[in-house]
Amino acid sequence: MASPSLPLVTCALLLLLAAACQAHPYWPLELAYYRDKCPQAEAVVKAVVGEAVRQNPGNGAAVIRMLFHDCFVEGCDASILLDPTPFNPTPEKLSAPNNPSMRGFDLIDAIKHAVEAACPGVVSCADIIAFAARDATYFLSGGKVYFDMPSGRRDGTFSNDSGPIEFLPPPTSNLSDLVSSFAVKGLSVEDMVVLSGAHTVGRSHCSSFVPDRLNASVFSDIDGGFAWFLRSQCPLDATPGGNDPTVVQDFVTPNTLDNQYYKNVLDHKVLFTSDAALLTSPETAKMVVDNAVIPGWWEDRFKAAMVKLASIQVKTGYQGQIRKNCRVINY
């Protein structure tokens, strides 16, 4: 019997490969994913983020928080960026954990615009969030916290306001709730304690902590002098969308990403119940002490935890899409 011709063999192999790709559309993230497709991508992101943080350190805190809020809901797929449409009037960004407190959307738009000018249709919005959070960490830490961020994420096409409520641990969480919320996403107790250290930068609305931390009828371990100071800054009837000013989360080094947060936890000078909860078990209390007193301990663990966070339920390969505009899906 004659052997099949080379073209027929080639076609058969291509068909098998295509079928395999459809059956297994995922492949891992990788370092320098854009080295051939858009070699300047990461440098462009870093330049825009650096200027934004120089103008206002809060911009850096915002994109670090955005990474967390995006990845815990639908995975790290930039679903948090999608605007409401007639077909989807209630996306994640309108959910209570994100609205009105989430910032950074305009910064992501600016980064996307700059990246698209360099390499149209190549870099995903999900990777932009991950790169921006990494670079914000670098600038806010004065260059002390730097790490490589794997990439290759693709953008999701689904976003609903129920997701943040279901998956994001609220600031009123106790330790058990925190551990469970992180475990669902494949993150350990130590990851939870380490990532909580991001509360060393950024601001919080008073309504996020006043009811359960400053209300005289509710037990709180908050330092008395610190509570007095917060009452001078926050109305006791603060409500989201109403009379609801913001305060810095770390009153010692508010614009520096460092381990001061853990010292504040030990001093009972933190805003949230979820912060104070880290002292409610011997295991997590020891982690707080280690992060507070051992030089470089927290920084090294924060690098690894950020990469792990940014890898949650990512879409790669043939999943998702590369959005042309981060606020809307491609049609």
Side-chain angles (χ1 to χ4, degrees), residues 25-26 29 33-34 38 41 44-45 48-49 52 58-117 119-136 149 151-170 181 184-185 202 240-241 309-331:
Y26 171 83
L29 302 177
Y33 176 80
Y34 295 104
C38 185
V44 170
V45 176
V48 178
V49 172
N59 288 323
V63 293
I64 293 172
R65 180 174 183 246
M66 181 182 288
L67 178 70
F68 177 78
H69 280 229
D70 182 47
C71 292
F72 259 54
V73 183
E74 301 298 325
C76 309
D77 67 349
S79 53
I80 194 172
L81 301 178
L82 290 173
D83 279 344
T85 67
F87 301 102
N88 183 24
T90 55
E92 290 170 35
K93 65 168 50 174
L94 297 186
S95 186
N98 295 326
N99 184 34
S101 62
M102 181 59 66
R103 298 173 54 241
F105 297 115
D106 291 342
L107 174 54
I108 298 299
D109 288 341
I111 298 170
K112 178 66 171 177
H113 178 77
V115 171
E116 285 292 300
C119 311
V122 173
V123 182
S124 70
C125 302
D127 275 344
I128 286 174
I129 294 176
F131 291 149
R134 175 200 60 190
D135 296 335
M149 178 63 78
S151 51
R153 299 166 191 80
R154 289 172 66 85
D155 300 323
T157 57
F158 175 81
S159 182
N160 189 270
D161 64 351
S162 63
I165 295 170
E166 180 179 359
F167 293 110
L168 290 171
S181 296
V184 167
K185 299 302 176 181
L309 168 66
S311 302
I312 294 174
Q313 295 172 284
V314 292
K315 296 170 177 63
T316 65
Y318 290 92
Q319 300 169 322
Q321 58 184 216
I322 306 296
R323 285 190 222 136
K324 299 175 183 176
N325 179 338
C326 290
R327 292 175 179 264
V328 296
I329 63 173
N330 300 339
Y331 289 101

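All values derive from a computational prediction rather than experimental measurement. Heads up: numbering here begins at 1 and tracks the sequence.
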Donor-acceptor contact present, side-chain Arg323 to main-chain Ala78, <3.5 Å: yes
Distance-minimising heavy-atom pair for Val48 and Ala114: CG2-CB, 4.1 Å
Min side-chain heavy-atom separation Leu67-Cys71 under 4.5 Å: yes
Any Ile111 side-chain heavy atom under 4.5 Å of Val44 side chain: no
Side-chain donor/acceptor of Asp161 to backbone N/O of Leu94, under 3.5 Å: no
side-chain contact (heavy atoms from CB on, under 4.5 Å) between Arg103 and Arg65, intermediate numbers included: CA-CA 9 Å; Arg103 298 173 54 241; Arg65 180 174 183 246; over 6 Å; no
Validation row: Arg134, Val45 side chains within 4.5 angstrom (heavy atoms): no
Sequence-distant partners of Leu168, side-chain contact (heavy atoms from CB on, under 4.5 Å), two or more places apart: Phe68, His69, Phe72, Val73, Pro97, Asn98, Pro164
Candidate pair Phe105 and Met66, rule side-chain contact (heavy atoms from CB on, under 4.5 Å), full reasoning: CA-CA 9 Å; Phe105 297 115; Met66 181 182 288; 3.8 Å; yes
Distance in Å, Arg154 CZ paired with Thr316 OG1, rounded so as to fall on 0.5 Å steps: 8.5 Å
Pairwise side-chain contact, Asp127 with Tyr34, heavy-atom cut-off 4.5 Å (strictly under): yes
Check: Asn160 and Phe158 side chains under 4.5 Å, non-hydrogen atoms: yes
Spacing of Ile128 atom CD1 and Asp109 atom CG [to the nearest 0.5 Å]: 9.5 Å
Donor-acceptor contact present, side-chain Asn330 to main-chain Lys324, <3.5 Å: yes
Nearest atoms (heavy-atom pairs only) where Val49 meets Ala136: CG1-N, 3.8 Å
Verdict with reasoning, Ser151 to Leu29, per side-chain contact (heavy atoms from CB on, under 4.5 Å): CA-CA 5 Å; Ser151 51; Leu29 302 177; 5.8 Å; no
Contact summary for Gly121 and Ile322, nearest pair of heavy atoms: O-CG2, 3.7 Å
Distance-minimising heavy-atom pair for Ala126 and Cys76: CB-O, 3.5 Å
Beyond-backbone contact of Phe167 with Ser181, side-chain heavy atoms, under 4.5 angstrom: no
Salt bridge (charged side-chain N to carboxylate O under 4.0 Å, His left out) partners of residues 72-99, not counting sequence neighbours, each pair once: Asp77-Lys315, Asp83-Lys93, Asp83-Arg327
Side-chain heavy-atom pair Ser159, Ile80 within 4.5 angstrom cut-off: no
Nearest non-hydrogen partners of Leu81 and Cys125, listed with the distance: CD1-CB, 3.9 Å
All side chain to side chain donor-acceptor pair (under 3.5 Å) counterparts of Thr157, not counting sequence neighbours: none
Validation row: Met149, Asp135 side chains within 4.5 angstrom (heavy atoms): no
Least distance between heavy atoms, Glu116 atom then Val123 atom: OE2-O, 4.4 Å
Approximate separation, where rounding is to 0.5 Å, of Asp155 CG and Gln321 CD: 6.5 Å
